[in-house]
Every structure is written in C-alpha cells, then in structure tokens.
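Below: one structure, written as structure tokens.
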Amino acid sequence: MENYRLGPKRRDALKAIGLAGFAAAGVSTLGSPAPAQVVGASEQITREVAAGDGLSGKTAIVTGARANIGRAIAVELARMGSDVVVHYHRPETRDQAEQTAAMCQEYGVNTALAVGDLGQKDNVMRMFDMATDTFGRLDIFVHNAGALVKGPVAELSDEDYVRMQRVNVDATFYGFREASRRIEDGGRIIGIASSVTGGPPPQYGVYTGGKAFMNGMILAMAKELGPRSITVNSINPGPLDTPFFHNQETPESVAFISQLAPMNRLGTVAEMMPAVRMLLSPEGMWMNGETLYINNGYLQA
Ligand SMILES: NC(=O)c1ccc[n+]([C@@H]2O[C@H](COP(=O)([O-])OP(=O)(O)OC[C@H]3O[C@@H](n4cnc5c(N)ncnc54)[C@H](OP(=O)(O)O)[C@@H]3O)[C@@H](O)[C@H]2O)c1
C-alpha cells in the first residue's frame, strides 16, 4: 500500500457541480441527523439526513477501481466531495489506478492508492489502515472488486473456484468486517453484486454463489449497523458492455443476452451511477438492507 499525491482541497469545485443548493436548504450533514419536524396537523415527517455540501470531509475506499465500474464510483464519490482511496489489484495496472486518482483530483479531493489481492486479509487491513492513517477517518466502503470465470460447475478447475472465492467471498468478509469496525456513524457500505443472484444462468453457478454471499451479509449487517445510522446495500447490475462481461462471452451469447433486456441491449457503467448516487447521498439514509437490481427488467424476461 502506498500514499499517492495529496492535492489541495478546492471546495469551490462542489459549487461548480451544483451541490451548493443543499447547504442553502439548511439541512444537516451526513451522520448528524436533524431532529424530527412535524409537518401539518397530522403528518409527521422525520428528516434524518441531508447534505450540507454532499460528501465533503468524508473518506471513501473503492475496491477494484482501476477502471470500469470501480473507476466510475470513485469519480462519483469525488464529484460529491469525498476523499478517495483507489484500490487496484495487480501492480502492473498501477497506471490505470493513477488515472482514476487523477480523475478524482479534478474535483479537488485528496486521493490515495492501495494495491493488492483482497483475498489476503493482510492486504485488506493495510488498505483500511491507509485510509484512516492518511485521512483520519473512514465513512464509505464500496466493495466493487469481483471475479468471474464462466463455466459449468463440472468443468471449473480448483483454480477457477479459488480465483472467484478470494475476491467474491473472502474479500467481502474481510472488507465488510473491517468496514463495520471502522466506519464512522452515518456512513455507507455498498457491495457491487450481480443480477445473476435474481435468476442464475447456467455456467454462472460459483459466481452467483459468491454474490449471494454478499447479499446475505448485507441483510444482516444492515440490521447490525442501522442503530449507528450506517446503511448497508448492494447494487446488482445486469450484463454491462464492459470487458468483464465480454471476456466470458461469445458474439452469439452477447446477442442472446442483450435481447433479454426489454430495450434490447447491454447496460453501461454510466447507467449504474444514479443508483450509486442515491445510496451515497444523505437523502439515501432510509434505503438500508436493499438489493438494487439495475438491469432494465432483464430478470423479468
Ligand atoms: N460488467 C458486468 O457486466 C457486471 C455485471 C454485474 C456485476 N458486475 C460486477 O461489477 C464489479 C466490477 O466489474 P467491472 O465490470 O467494472 O469489471 P472490472 O473492471 O474487471 O472490475 C473487477 C475488479 O476486481 C479486481 N479484482 C479481481 N480479483 C481481485 C482480488 N483477488 N483482489 C482484489 N481485486 C480483485 C480486478 O482487478 P484486475 O482486473 O487487476 O484483476 C478489477 O479491478 C464486479 O464485482 C463484477 O462482479 C459486473
């Protein structure tokens, strides 16, 4: 694990992207619930959250953030004002992780890089240590890293199984456990699972099992951490137009899977971001223990 260049904060960047309006609304910061307000004669609305200047002053870790979904989430966090620890897996992909960090810094936030196989507990511990040592706090943990080896169970090798198990299961446990211990009250834990848990296709058995493990943990952790106003949710994307998906498929299988979505195409990384924003935002506080299937209705096909 290593420090990456710490740039100066430029809070004005937040105003430039339209988050100043939250401050004008006089709402409380994330993790500092405002008192309940009575609205009208009979209706009581509890306003537990909201935004100040979004995620300014917060710190987040995003795993597997060298590119694709992880990068988009890291940049989204930065856009909302959070400092970001950009995790990447293999040392030879450092350039991509640096690029993600540079994209975050465009929003005036600080970044750090963490490297390593998160199936190894020591690497997970070092990543969390880096976040708290560097930024003094941790508010958000997004476990985006994952691995897929497609194949009938009968044909998967021990190595295929271990590759998926390490990141989809072991890293989820180590990461979620450490996040439970270290995240500040009012924080967020988000796992990136998959729509396969809603209807496992053939040849996705071990991958589905790993993502189902994540979804099970989320349900229990939402209850364990809810009293501290920490939310725990997952986003379960359908098939996306990314190398992660294409590398496991043929042109024929891509064509077949694409037409399962009513809009007859694959999703995009950008189309996952509204759900990410909703869960991260202070207004998302009441979403807890949810498994958000973002797939254009693909599972209903
Ligand atoms: N793309 C889709 O269609 C789709 C659909 C549903 C869900 N998802 C989920 O979305 C997440 C992100 O996927 P993506 O499409 O953005 O692909 P991606 O960029 O390949 O993301 C996966 C990341 O996990 C990292 N990783 C793999 N094994 C690891 C390990 N043992 N320790 C630490 N990191 C490890 C990878 O690093 P290296 O590449 O360096 O190994 C990579 O950065 C994954 O969890 C995936 O299951 C994707």
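Atoms within each ligand, like the ligands themselves, are counted from 1 in listed order.
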Please give me the minimum heavy-atom distance between Ala97 and Tyr88, naming the atom from each residue.
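Nearest heavy atoms, Ala97 then Tyr88: CB-CD2, 3.4 Å.
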
Numbering as shown, the atoms of ligand 1 that approach [X] to under 4.0 Å (heavy-atom distance):
X      : result
Val167 : 28 (N), 29 (C), 30 (C), 31 (N), 35 (C)
Asp117 : 30 (C), 31 (N), 32 (N)
Ser194 : 6 (C), 7 (C)
Ile192 : 9 (C), 10 (O), 11 (C), 45 (O)
Phe245 : 3 (O)

[X] heavy atom under 4.0 Å from ligand 1:
X      : answer
Arg163 : no
Pro239 : yes
Gly116 : yes
Lys211 : yes

Are any of the N/O atoms on [X], whether in the backbone or the side chain, positioned under 3.5 angstrom from an N/O atom of ligand 1?
X      : answer
Leu240 : yes
Leu118 : yes
Ile69  : yes
Asn68  : yes

For [atom], find the nearest protein heavy atom and state the residue, atom name and distance (0.1 Å precision).
atom                    : answer
atom 20 (O) of ligand 1 : Phe244 CD1, 3.6 Å
atom 47 (O) of ligand 1 : Tyr207 OH, 2.6 Å
atom 40 (O) of ligand 1 : Arg90 NE, 2.7 Å
atom 7 (C) of ligand 1  : Ala193 O, 3.1 Å
atom 27 (C) of ligand 1 : Gly146 O, 3.5 Å
atom 25 (C) of ligand 1 : Ala145 CB, 3.8 Å
atom 39 (O) of ligand 1 : Arg66 NH2, 2.8 Å
atom 5 (C) of ligand 1  : Gly238 O, 3.4 Å

Only distances under 3.5 Å count here; give the side-chain donor-acceptor pairs of residues 211-225 to other protein atoms, sequence neighbours excluded, each with its distance to 0.1 Å.
from	atom 1	to	atom 2	distance (Å)
Lys211	NZ	Ile192	O	3.0
Asn215	OD1	Thr197	OG1	3.3
Asn215	OD1	Asn236	ND2	3.0
Asn215	ND2	Ser234	OG	2.8

Is the shortest side-chain N to carboxylate O distance from [X] to [Y] below 4.0 Å?
X      : Y      : result
Lys150 : Glu249 : yes
Asp129 : Arg182 : yes
Asp83  : Lys58  : no

So do [Y] and [X] actually touch side chain to side chain, heavy atoms under 4.5 Å?
X      : Y      : answer
Gln203 : Val153 : no
Ile61  : Ile140 : no
Leu279 : Met287 : yes

Considering residues, nucleotides and ligands other than Lys121, do more than 12 of their heavy atoms fall under 6.0 Å from its NZ?
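Open: at most 12 neighbouring heavy atoms sit under 6.0 Å from NZ of Lys121.
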
How about CZ on Phe244, more than 12 heavy atoms from neighbouring residues, nucleotides or ligands closer than 6.0 Å, or not?
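Yes, because the 6.0 Å sphere around CZ of Phe244 holds more than 12 heavy atoms from other groups.
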
Once you measure the plane-to-plane angle for His143 and Phe176, does it fall in the parallel (<30°), tilted (30-60°) or perpendicular (>60°) bin?
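Answer is perpendicular, since the angle exceeds 60°.
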
Before giving the answer on side chain to side chain donor-acceptor pair (under 3.5 Å), spell out for Ser258 and Arg265 the whole-Å C-alpha distance, their side-chain angles and the decisive distance to 0.1 Å.
CA-CA 4 Å; Ser258 297; Arg265 63 172 174 82; over 6 Å; no

Heavy-atom nearest option to atom 34 (N) of ligand 1, drawn from His89, Glu92, Glu249:
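That would be His89.
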
Using heavy-atom distances only, which candidate in Asn144, Thr268, Val124 approaches atom 21 (O) of ligand 1 most closely?
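It is Asn144 that holds the nearest heavy atom.
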
Evaluate Arg94 against Glu98 for salt bridge (charged side-chain N to carboxylate O under 4.0 Å, His left out), listing each step before the verdict.
CA-CA 6 Å; Arg94 180 188 166 97; Glu98 284 181 349; 2.7 Å; yes

Test salt bridge (charged side-chain N to carboxylate O under 4.0 Å, His left out) on Asp139 and Arg188 and set out the steps.
CA-CA 6 Å; Asp139 302 277; Arg188 299 283 188 270; over 6 Å; no

